[in-house]
Structure formats: C-alpha cells, structure tokens
> 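Handing you this structure, nothing more for now.
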Amino acid sequence: MAKKQLDEDLLTGGSIKSEKDKAAKSKQNKTKKRVSVSKNTKKIITSVVCCVVIVALLVAYVATGTVRKGFVSYLGIPAKVFTSATVSDGENKASIKVGVYNFYYASTYNNLRNQQEQAQQYVQYGMDLSQLGLDSGLADVDFDKKLSKQTYVDPETEEEMTWEEHMHDLTLDAIKNTYAYYLEAVEANGGEDPEITEEQQTQIDDTLSQYQEQADKYHFTLSAYITAAMGRGVTEELFVRELTRQFIAQNYQSDLQTSNTEAGYDDAKIQEYLDEHEDDFITIDAMIYECASEDEAAEFASRLASDGSNFAELASEYATEDYDKTAYQDPAYSTVIGATKTLIKNRGLAIGVGTTDEETGEETNEALDYLFSSDRQAGEIYQSSTTVVYLLAPASLSERHTVNVRHILILPDESSEASQQTSATTEQWDAAYEKAQSILDEWKSGEATEDSFAQLAQDNSADGSASSGGLIENICTGTMVDSFSTWCFDTSRQAGDTAIVRSDYGYHIMYFVSENDQTVYNYTITQTLASEDTNTQITEIEDAYTITDNFFGKFYNQKDVDFSN
C-alpha cells in the first residue's frame, strides 16, 4: 500500500457529513508504532513509581519540543487521558480531552478547505468575503503547507497571528458552541443525553459505512482508519459520541425556536410588529419578464394584450436561451404570487434597482413606489428599464394563508445536482415528464391517499423532503420557485389536488394537503419574533460559557495536520 495514496484517500476518500459539519480527513505522515515492554522490566512496581517515571518522560519531551512525536503520544494515551480545554458556565462543566480537540480541529480544517475554492472564485469577481460569511484569509492560505508558517490577520482587530493559531481559535469556538448547547440539553433532560432522531442516527451509520469501505481498502480497522483520518485519539467510539453530541446540541438550539414559536404571540404583539413593518408585507401578484434591453422591453410592453393573455408567448419569444424559450411557454414561469418589494429587489430585476442619496444614505425607488401604489389596478401594464410587468393583483396586505403540500421531484439529469437541471437535454426533460406521469398514474390507480403519495415520495423523490414523504409545511408566498408557488396558491386549490409542475429543478408531482389557519404575514411575524427571542437566548447561553486551554494538555493537540514537509 503506497502511503502517499493512503494520505490522498484520507483527505478525499470518504467525506463525513452531518447537518452541521463535514468531518475532516487529515494527512498522517508516519505509521503508528507498537511499543513493547522489555521482558527484563520488573513485573512488580508501585503505581507511584510508574507515575513518577511517566511524568519525568513527559517533562523531557516538553523540554525538547517533541512531546507530540514521543512514543507515549503514538500510543494515543495523551489524547485519551489529558485534558486539552475546559468548557464551563460555572455550574455545568465539560473536560475536553485531546482526542475531542483533534476531532473538532479536523472538522474545522476540512470545512475551511471545502470553503476555499468558493472563496477564491468570489475574490476573482471582486466580492467581499466577509460580507458573504466567509473567512477573509481563505483565498490566500495554502493548506498544503504548514499553517504555522503562514500569517493570518484578523479583519476586525487587525491582530496578526499564524494560521495555526487562527485554526486553534476556530477549533475552540466550535467546541465551546457545541458543548454549551450540549450541556444545556443534558441539564434540561435531567442529566441524561437526549435521544437524537432516527434520521440523524442513520446519517451517523451511513458515515461509518463509508469509512468502513475505505478502512477495508487499506486493511485498517474502522477505528484505526478514523484515527488516521482525524488525528490521535479520535477512535470510532469518540467519533460516534461527538457526532451524537453535535446533533444533540443542534436539536437543543432548534428546539428553542420551536418552543418560542409554539408559545405564540398575542394579536396585540403581532399588530404592533405589523404596524412598524407594514411595508415589508404589502404584496402584489404579477407576471414579470426581464428583457435583454430597454428597447426590447418597450416593444414587449407595446405588444402585450390588455388582458395579458399573450404574456407567456412573448416571454418565450424574447428569451435568448433554448431552455428559457421552452420553459416560458408555461405562464406559471413568469407569474409571481405575493411579491414584496424586497423579493423583487433580491431577484436582481432592473425594476428593483433604486438610487441612494450620497448624503443621507437613503435609498429610493420610484418604479417600485409606483408599482406598489394603492392607485394601481389589476390589468395595468408597466415597463421600467428592461422589466415588463403585467399586474394581476394590486398592492395589498394579502390575507392568503400558509399551505402544506407534498411533492415528488423528478430530475431530468440524475447525474447532476438539482440546481443544474437547465442544462439537461430536451430528451431528458421529456423522459423526466414521462416518469413523473407514470408515478402519478401509479398513485391514481392505487389507494390514491396522502399516505400512499408519501410512500411514493420516499421511494422516488430527489428532493430533500423525500424522507418526510415529500411534505413541506407552512409554505409562504414568495418562498418557493414561481411555478411551484403559483400552483400552491391558486384560489381554486382543494385538499387532494394533484398535478405535474415544471421548474428549473425538474418536474414536481404535486399533492395539496391543506391550507393552514394562519395568514402568511401572521406566520412570518410569529417566526420573526420567535427568532428574535431565540437569538436573545442563544446570546445568553454563549456568553455564559467560556472555554479555557489546559496548559499541559494543549501540547498534544493536533497541529499543522501533522505535515512533515
């Protein structure tokens, strides 16, 4: 077995995925050695003498700077026994062993490597990484060289440090944040670890299966392979335990939002928020198309029938891409239901681009102000720059309610991600439609119940909702792709309705479950208020907990991913 190939596979072979992290695979430069005790060593020795001898050896290794490369380290003893850091809020406390630190270090390292390619692409386009939530130094760091030899500058404090020191800080943050919520969850559960969901347990099991395949390839035990991938002390047992604790922490944080939402807010609180932010909830229904030029937009508007009946035909005609020419033949592709000013701005439409006063910084948009004016009437045609709008319903505080639907997503090109389906061939789209129709026919010829539809979703859908039977609850206007949303919020929609709807992601076999009691704006405000309260709780929890290095144990922490170059 070539060691170089093994190192490459450890870094790229079987990525570990959880809802929070991809656990990393770091390079391992030396084969672990077994240390046997000489037969001449005395069999009877007091524990006190043993401790003295071991401490003496460790002090010697610390003094020579080779503590992490000594034979005791290769046994994995320090990683299992020594404390790297302590997380505490004064009442709850967790001692973080070196092995646990190495697990989070490897996870952090891998996440940064995964983000680097994206960061470098953004930099090429002149984008600010910090505004995108990415580390500003990611575009320049070389992960194939020692991190301790590369400089990192904190963008906020301008403090200069090595990338290794930065990695250490990020690792401590990851540990503290996870263990803060984990400890809170355990306390809330009477001192016992809460159960994780079946889906989360399946993710862990699947991850272990992926690693087992790699371990078998190189004739490793699973635990030894995980140790090679993630650092000393990261055994199979520790690996499973830490992934489980991450899920427990994640669930606790999610449960804070759920409990605040379920507690609800009285009408007075909802109305107070609505009065302060009413402009954010005023919506229009419209058919909208973005032309290639203002001249085309003016021509489009002049040819548009007064009843908007040829909007889809014109959109298809003015489209420049073959895919768009086909897609826009469906009126739902250009129909926007419940559009707010913010939604239009976020879509990058020309009509959404306003002007900013250089002195006050205040942004104005005369086109949107006109379109969202109470003076507008359904059936009006409006063109601004390259945007053409046919108004279906004028600006109002919509009383639409949220809805629940199930759907089965069929990808035209199963070898590509759902976000890349517009590149599929016409033949692939036709085949996807035939598959969708056959599945819908199968459902209709059977029990034709919601449960049977859910089972078909589990068996056939390429969407993330497949595990829950394709169920998506509390859908709000403006949150789904236009064709999907247009079908959901059709005023004639009834429980049990089905259809096949096309979007850029593929064909959706739709099943309408129900309309909910809350209006879209009521639901949105409730979620917003719950998020604000949850964020307050999160801040209080994270501020209450601290993490401190253990002076002795930190010498055994993973560093530089054990590169020897």
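Computation of the quantities below employed the complete heavy-atom set of this structure, encompassing side-chain atoms and omitting hydrogens, waters and symmetry-equivalent molecules.
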> Looking only at side-chain N and O atoms, does Asn111 offer a donor or acceptor that is under 3.5 Å from a partner on Gln115?
no
> Just wondering, are more than 12 heavy atoms of other shown residues or ligands nearer than 6.0 Å to CD in Glu237?
no
> Are Asn260 and Gln537 close enough, and set up right, to give a side chain to side chain donor-acceptor pair (under 3.5 Å), and what steps lead you there?
CA-CA 10 Å; Asn260 286 328; Gln537 292 171 304; 2.8 Å; yes
> For the residue pair Gln257 and Thr534, confirm or rule out a side-chain donor-acceptor distance under 3.5 Å.
yes
> So, taking the atom named CD1 in Ile248 and the one named CZ in Arg241, what distance separates them when rounded to the nearest 0.5 Å?
11.0 Å
> Between His401 and Tyr523, is the ring centroid distance below 6.0 Å?
no
> Hey, does the side chain of Gln116 reach the backbone of Val141 with a donor-acceptor pair shorter than 3.5 angstrom?
yes
> Any idea which heavy atoms bring Asn102 and Gly231 closest together, and the distance?
ND2-C, 4.4 Å
> Can we call the ring centroids of Tyr545 and Tyr179 under 6.0 Å apart?
no
> Check whether any side-chain heavy atom of Tyr152 sits under 4.5 Å from a side-chain heavy atom of Glu164, and report yes or no.
no
> Mark yes or no for whether Thr178, through its side chain, and Ala174, through its backbone, hold a donor-acceptor pair below 3.5 Å.
yes
> State, without any angle test, whether Gln150 and Asp140 hold a side-chain donor-acceptor pair at a distance under 3.5 Å.
no
> Is it the case that atom CG in Asp266 sees more than 12 heavy atoms from other parts of the structure closer than 6.0 Å?
yes
> Which atom names give the shortest non-hydrogen contact between Thr283 and Ser398, and what distance separates them?
OG1-CB, 3.7 Å
> Among Tyr105, Phe82, Phe551, which one satisfies ring pair (Phe, Tyr, Trp, His ring centres under 6.0 Å) with Tyr556?
Phe82
> Are the side chain of Gln200 and the backbone of Thr197 linked by a donor-acceptor contact shorter than 3.5 Å?
yes
> Do the side chains of Asp193 and Val186 get nearer than 4.5 Å, heavy atoms only?
yes
> Hey, could you give me the NZ/CG distance between Lys149 and Asp142, rounded to the nearest 0.5 Å?
14.5 Å
> CG/Leu170 to OG1/Thr108 distance, rounded to the nearest 0.5 angstrom?
6.5 Å
> Are Thr402 and Asn516 linked by a side-chain donor-acceptor pair shorter than 3.5 Å?
yes
> Would you kindly say whether Asp275 and Gln271 are connected by a side-chain donor-acceptor distance under 3.5 Å?
yes
> Judged by atom type as modelled, is there a donor-acceptor pair below 3.5 Å linking the side chain of Thr227 to the main-chain atoms of Val234?
yes
> Set out, in order, the CA-CA distance, both residues' side-chain angles and the distance that settles side chain to side chain donor-acceptor pair (under 3.5 Å) for Glu542 and Tyr181, then state yes or no.
CA-CA 8 Å; Glu542 294 183 358; Tyr181 296 114; 2.7 Å; yes
> Check whether more than 12 heavy atoms from other residues, nucleotides or ligands sit under 6.0 Å from atom CD of Glu276, and answer yes or no.
yes
> Are Tyr109 and Phe143 close enough that their ring centers fall under 6.0 Å?
yes
> Looking only at non-hydrogen atoms, find the nearest pair between Leu222 and Tyr211 and report the distance.
CD1-CB, 3.7 Å
> Starting from the C-alpha separation in whole Å, work towards a yes-or-no answer on side-chain contact (heavy atoms from CB on, under 4.5 Å) for Thr157 and Asp154.
CA-CA 6 Å; Thr157 65; Asp154 188 299; 3.2 Å; yes
> Using only atom types and a distance under 3.5 Å, with no angle test, would you say the side chain of Ser107 pairs donor to acceptor with the backbone of Phe103?
yes
> How long is the gap from CG on Asp543 to CD1 on Ile538, to the nearest 0.5 Å?
11.5 Å
> Are the side chain of Arg400 and the backbone of Cys476 linked by a donor-acceptor contact shorter than 3.5 Å?
no
> Within a 6.0 Å radius of atom CD on Glu195, are there more than 12 heavy atoms belonging to other residues, nucleotides or ligands?
no
> Side-chain contact test, heavy atoms from C-beta onward, threshold under 4.5 Å: evaluate it for Thr86 versus Asn550 and give yes or no.
no
> Side chains of Gln201 and Asp205: is there a donor and an acceptor less than 3.5 Å apart?
yes
> Going through the checks in order, is the salt bridge (Lys or Arg N to Asp or Glu O under 4.0 Å) test met by Asp89 and Lys176?
CA-CA 10 Å; Asp89 69 344; Lys176 191 200 83 166; over 6 Å; no
> Hey, does the side chain of Ser88 reach the backbone of Asn92 with a donor-acceptor pair shorter than 3.5 angstrom?
yes
> Show the nearest heavy-atom pair for residues Ser485 and Gly478, with the distance to one decimal.
OG-N, 4.2 Å
> Quick one: does any side-chain atom of Ser259 pair with a main-chain N or O of Leu256 as donor and acceptor, under 3.5 Å?
yes
> Side chains of Leu274 and Leu397: closer than 4.5 Å at any heavy-atom pair?
yes
> State yes or no: are the ring centers of His277 and Phe281 separated by less than 6.0 Å?
no
> Give the intermediate values and the outcome of side chain to side chain donor-acceptor pair (under 3.5 Å) for residues Ser465 and Asp463.
CA-CA 5 Å; Ser465 62; Asp463 187 66; 2.6 Å; yes
> Verify whether one side chain among Tyr265 and Asn522 offers a donor that lies under 3.5 Å from an acceptor in the other.
no
> Just do the side chain to side chain donor-acceptor pair (under 3.5 Å) check on Asn404 and Asn474 with the steps written out, would you?
CA-CA 6 Å; Asn404 306 323; Asn474 288 303; 4.9 Å; no
> With sequence neighbours excluded, tell me which residues meet side-chain hydrogen bond (donor to acceptor under 3.5 Å, both in side chains) with Asp504.
Tyr323, Tyr333
> Going by the angle between their ring planes, with limits at 30° and 60°, are Phe220 and Tyr225 parallel, tilted or perpendicular?
perpendicular
> For Gly469 versus Arg406, what's the shortest heavy-atom pair and its separation?
O-NH1, 3.1 Å
> Taking atom CG of Asp357 as the centre, report whether more than 12 heavy atoms of other residues, nucleotides or ligands fall under 6.0 Å from it.
yes
> Spell out, as yes or no, whether a donor-acceptor pair under 3.5 Å connects the side chain of Asn114 to the backbone of Asn110.
yes
> Answer yes if the ring centres of Tyr101 and His168 are under 6.0 angstrom apart, and no otherwise.
yes
> Any side-chain heavy atom of Ile541 within less than 4.5 Å of one from Tyr252?
yes
> Using a 6.0 Å cut-off, check whether atom OH of Tyr273 has over 12 heavy atoms from anything other than its own residue.
yes
